[in-house]
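Single-structure report; data block below.
Everything numeric here is computed off the predicted structure, so don't read it as measured data. Heavy-atom basis, side chains included; hydrogens, waters and symmetry copies ignored. A, B, ... follow the sequence lines: proteins, then strands. Residue 1 opens every chain.
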2 protein chains.
Amino acid sequence: MAEKKVSIIDVAKKAGVSTATVSRVVNRLGGYSKETEKKVLKTVKESGFRPNVNAIGLRTNRSHCVGVIVPDITNEFFAKIVRILDIYFIKYNYSVLICDSNEDPELEKRHIQDMFDKNVDGLIYVSGMERIHSALKGSPVPIVFIDRAPKNAEVVVQSDNFQGGYLAGKKLCEAGCRKPLLLRDYRIASTIQQRRSGFMKALEAYEILCEGDYEIGISPDYVSAKGKISELLSRQGCYFDGIFTTNDMMALGAMHALAEAGYRVPEEVKLVGFDNVSLSEFCNPPMTTINQNTEQLAVLAGEALLKLIRNEEIEKKEYVVPVSLKIRNTT
Amino acid sequence: MAEKKVSIIDVAKKAGVSTATVSRVVNRLGGYSKETEKKVLKTVKESGFRPNVNAIGLRTNRSHCVGVIVPDITNEFFAKIVRILDIYFIKYNYSVLICDSNEDPELEKRHIQDMFDKNVDGLIYVSGMERIHSALKGSPVPIVFIDRAPKNAEVVVQSDNFQGGYLAGKKLCEAGCRKPLLLRDYRIASTIQQRRSGFMKALEAYEILCEGDYEIGISPDYVSAKGKISELLSRQGCYFDGIFTTNDMMALGAMHALAEAGYRVPEEVKLVGFDNVSLSEFCNPPMTTINQNTEQLAVLAGEALLKLIRNEEIEKKEYVVPVSLKIRNTT
DNA sequence: CTGAAAGCGCTAACAA
DNA sequence: TTGTTAGCGCTTTCAG
């Protein structure tokens, strides 16, 4: 079971060459004869040689490993990004270290530390904390940000949040809303800010005046949204005829609060979410939402990071990925 | 930005001791004076010394790292397990390498190889492939299996699948079903087999005879389930009055097929799923399902693996975690 | 085109 | 209680 590991020395001996030559061949560095190459490759295969990553890392200070930090792996949106990134990087022989910061700054810090300790060659940081963690500031390796980003980020890839907000607002207006409500994350991150601006822009275009409590900030989850809408309904009645939420879970919470209070969606109140997670498709009624292109988000980030790692030119500092309106039955 | 890394030699010099002493203190091996300890610890802190994990790994052949392999990280059930495992292991200063095999044997093989190459100290393998991947057979490190497991597995932790099937069958019978359908994963893994047995046992207890197409094996996803039920409905009509599916996504597919064909749930057909993912709560109508205790599943596996790694005694080879019936509106 | 050898940062056996 | 030192497996000059 536990057969002795074969080292580069074993291979060298068996092939009758030096370890340097084996190293050259294995790493395809060139500078050896066809014959030598064949001989070494054959021996490598026969002996089942696997290079010792620790030794390589120790020598080169490179790990062929990239880190990915997400705020919540149980959130489908993030899970999808992780999966695509994993598949993307494996093609280039990079492995991916996944970290769930669990929205906990302490845990996040440990994870970041841990990744640096492991000598990751680069980092992809997906959204999460309100402010970028200070542990990231003096990063020894390139970082690509997905979604949210700090001021002086090297590279950011994000959805066209403004357009998302705009499409949501437009749809609501066209569906006849005159008193739409914006239910958003209470933390005004840049992404949320942009969704808000787009939304406002649409309302303006339709000459809809927003007054009173038309904008509400809450914790961006199902329970908070449901609670808040219930509270509004019982205290102020249904003073709105449409709701745009900055993610799908909030929309779902709002929907259920509405249903419990006896308001019909979409007849009395229309609803648009954000993300297009599968819940938005399977809930009742299926929800109109803004679709984020996770695939493109992830791949662009992967490409950019790879270039950064290889010290290649990056065309842009900022990539924005189109979003689309997914019309279902809440508008 | 890129300050030179400080090594154990730097620390040793600065503290006026040998590297061996620094190593002893840092690793809390004892055998040094209180005074030395204080001096070294102080220097370590001041200089920001971080041990080089590659060097340690190279020397000791241990990584303080465990690998976790799941078949699909975008599946909430697996994502939850991953998150709990991550939190569990970080307490013991182990970091977790997460791998999404993506239900792809080739990818899975690469991931397993990769983990071994990285010298993980142990592995947790969650379900997935029909048969355990051969790359795992000669594992140099302990493996704990969650959910599914091969014949001669060292340790397995799994839900009480028999009980789950039994509870589902019982509920269906009590709700008045006389012609229940079992819609299961076409691959008869041991877990599915157990759910099936439990289900049958319940039917027996209620003296329900199963005849005709009362058991159907399909690919365990939404689309397949929806397609299969639609097909059945149009070809044979609604010859059943209840369905037990071996996961929630299949139940959801069945539910939607039923709705499209104009059958009412639960009035005409009752439904019980398995897993209790959030979709089962938020779909329409909310679904009765069998709840798996992910927390306990993950923690038991983590504990067992840690013991295995430390060469401690394991009480059991097999842990079974209770399940519960979550009654909602489809029964 | 190939080999010899230094050395990456650390641990652990041995010596003192 | 502490220090000296060999060596883990590999890459990479440098010399040939």
When you measure only distances, ignoring hydrogens and angles, does the side chain of A:Arg24 come within 3.5 Å of the base of C:dG3 through a donor and an acceptor?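 Present.
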| request: Side chain of B:Ala20 only, please: which of D:dC8, C:dA12, D:dC10 is the nearest? | output: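 Of the options given, the side chain of B:Ala20 lies nearest C:dA12.
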Under-4.0 Å side-chain N/O to phosphate OP1/OP2 contact, [X] with [N]:
X: A:Thr21; N: C:dG3; value: yes
X: A:Thr36; N: C:dT2; value: yes
X: B:Thr60; N: C:dT11; value: no
X: B:Ser33; N: D:dT2; value: yes
X: A:Thr19; N: C:dA4; value: no
X: A:Asn27; N: D:dT11; value: yes
X: A:Ser18; N: C:dG3; value: yes

(message) Does either side chain, that of A:Asn102 or that of B:Arg83, offer a donor lying less than 3.5 Å from an acceptor on the other one?
(response)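 B:Arg83 and A:Asn102 do have a side-chain donor-acceptor pair below 3.5 Å.
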- Query: Just checking A:Asn61: base, sugar-phosphate only, or nothing, at a heavy-atom cut-off of under 4.0 Å?
  - Reply: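 Touches nothing.
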Answer with base, sugar-phosphate or nothing: what part of the nucleic acid does B:Ile56 contact at a heavy-atom distance below 4.0 Å?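 The answer is sugar-phosphate, as B:Ile56 gets under 4.0 Å only of primed atoms, P, OP1 or OP2.
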Q) Should the pair A:Glu76-A:Lys80 be classified as a salt bridge under the 4.0 Å nitrogen-to-oxygen rule? A)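 The answer is yes: the pair qualifies as a salt bridge.
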- Check the pair A:Glu108, A:Glu103 against side chain to side chain contact (heavy atoms under 4.5 Å, CB included), reporting the backbone distance first and the verdict last. CA-CA 8 Å; A:Glu108 171 156 295; A:Glu103 311 256 18; over 6 Å; no
Q: Take B:Asp114 and B:Arg110, measure what salt bridge (charged side-chain N to carboxylate O under 4.0 Å, His left out) needs, and give me the verdict at the end.
A: CA-CA 6 Å; B:Asp114 195 54; B:Arg110 283 197 65 161; over 6 Å; no
